[in-house]
Amino acid sequence: MPGIEVPKEKWSGKVREVTLGATAAEGGTRSRTVTVGGETTLPFLKFEGEIPHPPAIALEVRDQQPNDWPSILLEAWNGATQDVAEWAKAAEAAGADLVALRFNASEQLNAAYARKILRRVLSATGLPLIVFGAGQADLDNEILVAVAEEGKGERLVLGVCEEKNYRTIVAAALAHGHLVDARTPMDVNLSKQLTILIHDMGMPLERIITDPTTGALGYGIEYGYSVMERLRIAALQGDTMTQQPMLVTPGEEAWRTKEARAAEGVPAAWGDYVERAINWEVLTASTLIQSGADIVVLRHPKSLQRVRAMINALMS
Amino acid sequence: MALTGLQIYKLLPASSTKPEVKAHANCKECGYPTCLAFAMKLAAKQAELSLCPYVEEESKRQLEESAAPPIRLITIAGSAKKLEVGNELVLYRHEKTFYHPPGLFVRVKDTQPDAAQVAEAVAAYSVDYVGMSLTLDGVAVEAAGGDFASTVAAVKAACPFPLILMTSDPATAEAGLKAAQGTMPLLWAADAQNWQAMAKLAAQYKVPLVVLANGDLNALADLAEQVKNAGVEDIVLDPGTRGYADSLAIFTQLRRLALKKNERKVGYPLIAFAGDDATLAAQHIAKYAGFIVLDRFDPAMVYPLIVLRANLFTDPQKPIQVLPGVYEINKPGPSDPLMITTNFSITYFSVANEVESSGLPGWLLVADAEGMSVLTAWAAGKFDAERIAKTVKTTGIEQKINHKRLIIPGHVAVLLGEIEEELPGWEINVGPREAVDLPNYLKTRWG
Ligand code: SF4
């Protein structure tokens with residue numbers, strides 16, 4: 001009797017490979033580079049395609065200790081959050097593939113300050129960097145242009161580029177050999193469109209990372225999940241403007257939920273606070289990795305360990 | 001696979017080779033003028049096969065089989081609650097929706113003195129999420145050398161949810177089935193050695209049976225076929241994988257075989273064992289398990305899993321919305337704060353829960369943003385100054401309060417000026433971005 005054949009999809013497309021960071025030989029100062037993308041099938045389905053690179057994990061560090069992070073999250077860093085260089089070192093020691101430097105919106109934030117902070121982080125860690133602004137368009141343009149110049153040749157990822165504000169950042173990234181993070185609000189067509197707009201400015205597709213945005217577990221994760229799944233399927237079906245690797249920020253999303261912030265005054269059914277909070281970040285991240293995330297930005301070192309264990313198991 | 005009208009016609013009396021059946025051809029007893037007309041109605045699912053008294057047994061079987069869903073619906077039941085899984089139609093939730101959320105079970109052993117207490121805790125567990133009360137689904141009792149029958153009886157008494165009976169020994173299984181009488185447990189498992197005895201028990205006690213293989217697709221399909229031929233129709237598949245990569249591969253293959261290749265031999269729900277690994281259990285929720293067994297009952301792990309399940313099994317075509325309008329929280333008076341948000345249920349409940357649990361009274365205006373969250377609605381132009389002003393003007397809130405101050409979500413701070421233009425005489429306050437920071441904002445900034 002003939003057996004059942006393993007059902008395989010014949011995908012024609014492939015996710016674009018994108019390399020973050022540059023070593024001395026490549027014109028930068030990073031001790032190693034990180035390449036993501038290159039998949040020719042859905043996440044981890046090695047029986048029908050190639051998964052040449054595991055999803056990469058970035059840990060988020062701030063120029064100053066943020067005042068809106070819950071104490072259990074700050075405490076997990078054992079004081080390293082007091083100083084951005086220490087924090088970046090601690091992130092590398094914790095096992096991150098990438099450091100995501102994000103600027104707080106503060107009085108002292110300006111171009112000169114941003115240059116100084118970038119310098120300190122670049123010398124504290126050999127990992128490739130992602131640099132996010134403070135979320136205020138004019139200010140971000142100013143500091144990211146400075147960061148692009150200061151970090152010339154490092155193949156930084158600069159973000160976020162949004163439909164309303166991308167030209168200045170893209171131009172700076174183009175001029176100084178960096179990559180960009182192209183963020184759109186959970187919509188397949190908007191994501192494609194922003195990639196096209198950025199590409200039209202002359203940015204090679206090998207230097208664009210798409211950031212489809214997500215909600216946290218319990219706060220709209222299903223939208224992010226399905227948009228990413230649709231983008232990835234479109235990429236594998238050969239739709240070339242959806243073939244960028246995907247970055248999402250589950251750490252940021254998860255740690256703003258009540259589940260991760262409220263130690264007291266919540267139902268007993270929510271369980272132990274620290275464990276629940278970490279699970280909130282881990283499950284947000286792991287679920288998005290299952291739907292196609294190539295880079296996840298996390299906040300808690302223990303979350304990194306658990307997500308790493310999952311990735312290792314899925315790649316083995 | 002659904003049959004066409006002509007294919008069905010070939011199975012009706014008019015096409016029969018037996019003269020005594022063919023004699024009834026076009027007799028109209030079904031209510032249709034001809035067998036062909038009836039066949040067309042059947043194909044369109046506008047008539048029931050039982051209307052024709054003369055269909056042959058073999059034809060009936062073929063017709064029923066063709067009408068069966070690609071993944072069989074399996075029902076199990078405890079003393080007061082049942083669970084249905086299976087009947088899924090898509091690989092990706094955006095294609096339509098996932099229909100039956102996987103049952104989440106906690107495993108206890110018959111050597112465990114506190115098995116009944118764990119079962120009680122599982123039964124008592126319930127958590128409120130966006131207005132829904134979410135629970136676990138049952139207890140898996142594993143024979144590990146203790147007194148299986150009395151553990152099953154104790155768990156059954158402690159927990160009204162369905163049980164899974166775990167043993168590979170038929171005699172133990174029968175003792176457990178007897179102890180579980182009055183309920184419909186799932187029996188785990190029939191393997192290459194014991195399947196005949198297990199199939200017999202499943203048929204005799206009328207319970208669904210898990211078929212267990214050791215990671216091999218064909219071994220699993222063949223064993224399921226044998227069990228089916230032994231008279232068990234309600235089958236659940238355990239491919240035997242326990243890790244991430246092996247499970248993801250074979251669960252995906254099984255789902256594809258059932259849905260895309262119409263492979264009947266594996267058209268059943270799947271059972272997964274996640275140990276005490278929440279991340280693995282989460283993979284099984286997204287990727288195709290019908291039953292998920294956890295080794296530990298820990299609310300800090302169960303709560304995120306239950307929420308993930310609720311999220312991924314939400315119908316993507318119908319985001320859960322609340323009705324736009326005025327919501328009163330903690331019996332507000334005319335001078336109490338007025339806030340506005342969107343009608344996406346998660347957004348609404350985040351805000352309402354925060355204000356409610358703070359004990360502070362307030363008025364919450366819910367704008368019709370087509371069921372989108374604040375940020376998404378703002379980006380899509382569904383939560384702009386005009387809509388916000390319209391909500392203020394049309395909900396009658398102005399008659400209920402004696403002030404003209406409105407708190408808007410921090411995420412739409414940029415709308416401040418425009419809203420002030422749309423609502424002359426109003427003071428617009430920019431509130432926090434996240435609902436969780438609202439109580440503190442109200443305490444310190446309102447007054
Ligand atoms: S009952 Fe209808 S379908 Fe059956 S034999 Fe008569 S006409 Fe044909």
Side-chain angles (χ1 to χ4, degrees), chain A residues 1 3-7 9 42-47 68 163 184-187 190 213 215 217-223 225-227 229-230 233 256-259 261-262 265-277 279-280 282-283 286-287 290-291 306-307 309-310 313-316, chain B residues 92-94 125-130 217-218 221-222 243-245 248-249 252-253 256-257 260-261 263 265-266 277-280 282-283 285-287 298-305 307-308 310-314 316 319 344 346-347 350 353-354 357 373 375-376 379-380 433-437:
Chain A
M1 201 173 69
I4 291 177
E5 231 177 277
V6 170
E9 296 284 345
L42 292 170
F44 310 107
L45 298 186
K46 290 181 161 187
F47 66 87
D68 59 348
E163 201 199 332
T184 44
M186 294 198 251
D187 184 287
L190 292 179
T213 321
L217 173 61
Y219 298 82
I221 192 175
E222 65 271 32
Y223 295 89
Y225 180 88
S226 284
V227 164
E229 202 161 57
R230 288 171 59 198
I233 289 170
R256 65 155 80 127
T257 66
K258 182 168 190 178
E259 281 77 359
R261 299 178 78 91
V266 299
W270 286 20
D272 175 73
Y273 170 42
V274 177
E275 182 64 14
R276 175 222 315 151
N279 275 337
W280 220 262
V282 170
L283 261 57
S286 73
T287 302
Q290 297 278 4
S291 73
R306 295 191 192 173
V307 174
M310 170 190 108
L314 281 162
M315 290 299 290
S316 69
Chain B
Y92 313 108
R93 60 186 292 283
H94 65 258
Y125 186 83
S126 145
V127 67
D128 180 79
Y129 171 70
V130 297
L217 204 54
N218 276 292
D222 292 345
Y244 285 90
L248 182 65
T252 303
Q253 290 162 6
R256 284 184 184 172
L257 284 167
K260 305 191 77 171
K261 307 280 175 194
E263 180 52 79
K265 284 179 172 181
V266 294
D277 185 347
T279 317
L280 181 56
Q283 171 180 304
I285 288 173
K287 299 292 175 180
D298 173 4
M301 162 165 147
V302 165
Y303 175 42
L305 287 173
V307 170
L308 178 64
N311 290 165
L312 294 186
F313 281 75
T314 298
F344 178 40
I346 294 171
T347 303
S350 310
N353 287 345
E354 285 307 330
S357 58
S373 70
L375 263 184
T376 321
R433 287 167 170 244
E434 305 307 330
V436 65
D437 301 318

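Order of the sequence lines fixes the chain letters, A, B, ..., with proteins taken first and strands second; residue numbering starts at 1 for each chain. Note that the coordinates shown come from a computational prediction; the quantities given were computed from them, not determined experimentally.
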Open item on the list: Please classify the contact between A/R261 and chain B as side chain, backbone, both or neither, with a heavy-atom cut-off of under 4.5 Å.
Closed with: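 It is the side chain, since no backbone atom gets that close.
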
Open item on the list: Please classify the contact of A/P267 with chain B as side chain, backbone, both or neither, using a heavy-atom distance under 4.5 Å.
Closed with: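 It is neither, since no heavy atom gets under 4.5 Å.
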
Task: Partners passing salt bridge (Lys or Arg N to Asp or Glu O under 4.0 Å) against A/E9 (at least two apart in sequence or in another chain) - done: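 A/E9: salt bridge (Lys or Arg N to Asp or Glu O under 4.0 Å) contacts with B/K260.
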
- [ ] Would you please name every residue forming a salt bridge (Lys or Arg N to Asp or Glu O under 4.0 Å) with A/E275, sequence neighbours left out?
- [x]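 If we apply the salt bridge (Lys or Arg N to Asp or Glu O under 4.0 Å) test to A/E275, skipping adjacent residues, the hits are A/R306.
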
Sort out for me which of [options] touches chain B most, counting heavy-atom pairs under 4.5 Å.
{"options": "A/Y273, A/Y225, A/W280", "result": "A/W280"}
{"options": "A/I233, A/V282, A/V266, A/V274", "result": "A/I233"}
{"options": "A/L283, A/I221, A/D272, A/V227", "result": "A/L283"}

Would you compute the distance between atom [atom1] of [X] and atom [atom2] of [Y] and round it to the nearest 0.5 angstrom?
{"X": "A/T287", "Y": "B/L312", "atom1": "OG1", "atom2": "CG", "answer": "6.5 Å"}
{"X": "B/L305", "Y": "A/N279", "atom1": "CG", "atom2": "CG", "answer": "7.5 Å"}
{"X": "A/Y223", "Y": "B/N311", "atom1": "OH", "atom2": "CG", "answer": "9.5 Å"}

Task: Charged N-O contact under 4.0 Å between B/E354 and A/K258 - done: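 Yes, charged N to carboxylate O under 4.0 Å.
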
TODO: Could you tell me which portion of B/V307 (side chain, backbone, both or neither) has an atom closer than 4.5 angstrom to a non-hydrogen atom of chain A?
DONE: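 Looking at B/V307, backbone and side chain both touch chain A.
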
